[in-house]
Protein chains: 2
Amino acid sequence: MGIPTVERSRAVEDYVKAIHAIADDGGDRSVGTTALASHLGVTPASASGMVRKLATLGLASSSPYRGVTLTDDGEGLALSILRRHRLLETFLAQRLGIPWDRVHAEAEVLEHVLSVELEAAIANNLGNPDRDPHGAPIPRSDLTVEEQQTFPLDQLAEGDRVRFVRIPDERPEMLRWLAERGIAPGVEIELKRREPFGGPLTAAINGREHQLGVELAAAIRVEYL
Amino acid sequence: MGIPTVERSRAVEDYVKAIHAIADDGGDRSVGTTALASHLGVTPASASGMVRKLATLGLASSSPYRGVTLTDDGEGLALSILRRHRLLETFLAQRLGIPWDRVHAEAEVLEHVLSVELEAAIANNLGNPDRDPHGAPIPRSDLTVEEQQTFPLDQLAEGDRVRFVRIPDERPEMLRWLAERGIAPGVEIELKRREPFGGPLTAAINGREHQLGVELAAAIRVEYL
DNA sequence: AACAAGAGTTAGGCATGCCATAATCTCATC
DNA sequence: GATGAGATTATGGCATGCCTAACTCTTGTT
C-alpha cells in the first residue's frame, strides 16, 4: 500500500526521498550506500545504519553489499512526499505569491509536516492539479504504487521501450498465451506499430515480433525503462 | 528585542508559549514550576530543568524557588508564536476551508515551522488583520514587546484601571513633576474623567486625584492590570 | 518561633535519534 | 587468488528531553 502508516521522522523521510530520487535518476532500481550518503552529506557508515532502520520499518529492502531498494511502502511514502512537495510549491507560488526561488526551500520543510487533511485542502484549492507549474507530475494519493508507475500496454506510443510487469491474475488464459511465447515479467518490449481504429499492436519481444490484440494489450501492465 | 534570533526547538517554543499563557491568565507575571509542568504534562523536575535552559537562552529569568518570568526576548518569542498561530488559524479556516475544530491542531504544528517570509505572505494575503475571526488580537511583528503591551495614558477610556510603566526618559521635567507627587513605575492609576476637546484628565493615583495635561498623559505609558 | 506541607531543585539515569571514526569485510575483476 | 572500491559493524559521542528519588526552600499555621 502506498499509504504511509509509518512513523514520520524528518530523517527517515529524507532518506526515502533521496533513495527515490537517485533510483529514478539512474533508471537503476538499486541505490548504492555511498551515493546515498554523499547525496545526504553524511558518511557511508551513517547511511548504512539508516538503511538498516528503513528495512526494519518496512520501507526499504537491502541485501547487504548489494544496494537498497524501496519497498512498495517506501515507494508510496516517497511519492506521497513528492506529492506534498509539489503541491506546496504550487500553492506557495500561485496563492501566496512567494517567488519561485524561495518556494523550494519552504516546501522542503513543510512537506514533512503537512497533515493529510491539509494536503487534501491544498490540492482541492488548486483544483487537484496533475502537474506543477513546471510541468512535473504530481503523484496521486488515490492510486497504489503500481498504478502510478505502470501503464497498460495499449496506452503507449510507437517506439516506446518498456518492461513487462504483470497481468491481472484473473486472466489465466492470457498468461498461458504469453507464457507459450516466452513473454514473462521482466522481458523488454518495444512497441513497433499500432494499427489504427483499435487494430492489433506490433511489438518486438525477445527479438521476435508479435501481434497483440487490443484487449490483451490493455490488460498487460508495463513500466518504462 | 522581540525578534527571535534564538534557536527554534519545538520544546523551547512550547515552554515559552505555556509560560506566556499561564502568566497572562492569572494576571500574574511570575509562573510556578508546578503549574507550568502540569500545563505541559511533564513533571516539575523536567520543567525546572527546561526553565534553566530558557534562562541560558535569554528567554526567561528565574530566581530559584520564586517562579519564572519571560524576558523581553521571551515575551517577544511568545507573541511571535501567538501571531503565527492566529494567522495560521485564520488562513486555514478562511482560505482553505478547514473546519474550525481542526484548525487549532494544524496551527499548533505549523506555528513552529513557519518562516518569516511565509508568515508575511499569509498576513498579507489576509489583509494584515488585527484580530482573528474569534476577535482575538493578532500580535504585530513590527512593534517591540513594550509597544504591544503598554499604551499612552491618554488613550484610555474612563474607568480603566492601569499600572504606570514608564516615561520616555528624554523628559526629565515630567519625571520630576511625577516624582514630587509619588507617581513612580508600578503605581496603579484609575482614569476617572476626561474632559472633552483635549482638556485635562482626572486620575486617581495613590488614593488622591490628580489632573494631568494631555501632553503629559500622552507621554505616560501604562499597562492594563 | 517552629514546623509541616507544598513547591522547587538537583543529581543521576534512561531513551531516542542521528552522526562519526576506525577497523573489517565482500565482491567483482583482473 | 590478490586487490581495491564499496559496504558493514563496532563503538562512541552529542543533543534533546524526559523521569525518579532525594533533598531544599518558602510559607502559612499554630
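Numbers restart at 1 for each chain; the letters A, B, ... are given by sequence-line order, proteins then strands. Computed from a prediction, not measured in an experiment: that's the story for all the values here.
Counting non-hydrogen atoms under 4.0 angstrom, Ala11(B) reaches the backbone sugars and phosphates but no base. Among the heavy atoms of the strands lying under 4.0 Å from Gly32(A) are primed sugar atoms or P, OP1, OP2 only; no base atom is included. Using a 4.0 Å heavy-atom distance criterion, Thr34(A) is classed as a sugar-phosphate-only contact. Nucleic acid contact class of Thr43(B) (heavy atoms, under 4.0 Å, all strands): base.
One can place CD of Glu13(A) at 15 Å from C1' of dG17(C), the figure rounded to the nearest angstrom. Between Leu40(B) atom CG and dC19(D) atom P the separation is 10 Å, expressed in whole Å. The CZ atom of Arg52(B) sits 7 Å away from the C1' atom of dT10(C) (whole-angstrom rounding). The separation between Tyr65(A) atom OH and dA5(D) atom C1' is 12 Å, rounded to whole Å. Rounded to whole Å, the distance from CG on Leu54(B) to C1' on dG8(C) is 16 Å. If you measure from atom CG of Leu36(B) to atom P of dT9(C), you get 10 Å, rounded to the nearest angstrom. Taking atom OH on Tyr15(B) and atom C1' on dT16(D), their separation rounds to 11 Å, with Å as the unit. For the pair Arg10(A) CZ and dG17(C) P, the computed distance is 16 Å after rounding to whole Å.
Residue Gly67(B) is the one, among Pro64(A) and Gly67(B), whose nearest nucleotide of DNA chain C lies closer to the 5' end (criterion: closest heavy atom).
Between Lys17(A) and Glu108(A) a salt bridge is recorded (basic side-chain N to carboxylate O distance below 4.0 Å). Salt bridge absent: Arg10(B) and Glu111(B) never bring a charged side-chain N and a carboxylate O closer than 4.0 Å. Salt bridge Glu158(A)/Lys192(A): absent, no basic N to carboxylate O contact under 4.0 Å.
Among the nucleotides dC27(C), dA20(C), dA11(C), the one closest to any side-chain atom of Ala45(B) is dA11(C). Counting only heavy atoms from C-beta on, Met50(A) has its side chain closest to dC18(C) among dC19(D), dC18(C), dT8(D). Between dG17(D), dC18(C), dA20(C), one nucleotide has an atom nearer to the side chain of Lys53(B) than all others, and that is dG17(D).
In the model, Asn125(B) has no side-chain atom that pairs as donor or acceptor with a side-chain atom of Arg95(A) under 3.5 Å.
Residue Ser62(A) has no polar side-chain atom (N or O) positioned under 4.0 Å from OP1 or OP2 of dA7(D). Regarding contacts with the backbone of dG17(D), every side-chain N or O of Ser46(B) stays at 4.0 angstrom or more from both OP1 and OP2. Distances shown here put every side-chain N or O of Ser9(B) at or beyond 4.0 Å from the OP1 or OP2 atom of dT16(D). Residue Arg66(A) places no side-chain N or O under 4.0 Å from the OP1 or OP2 atom of dA7(D).
Under the 6.0 Å distance and 45° angle rule, Arg102(B) does not count as a cation-pi partner of Trp100(B).
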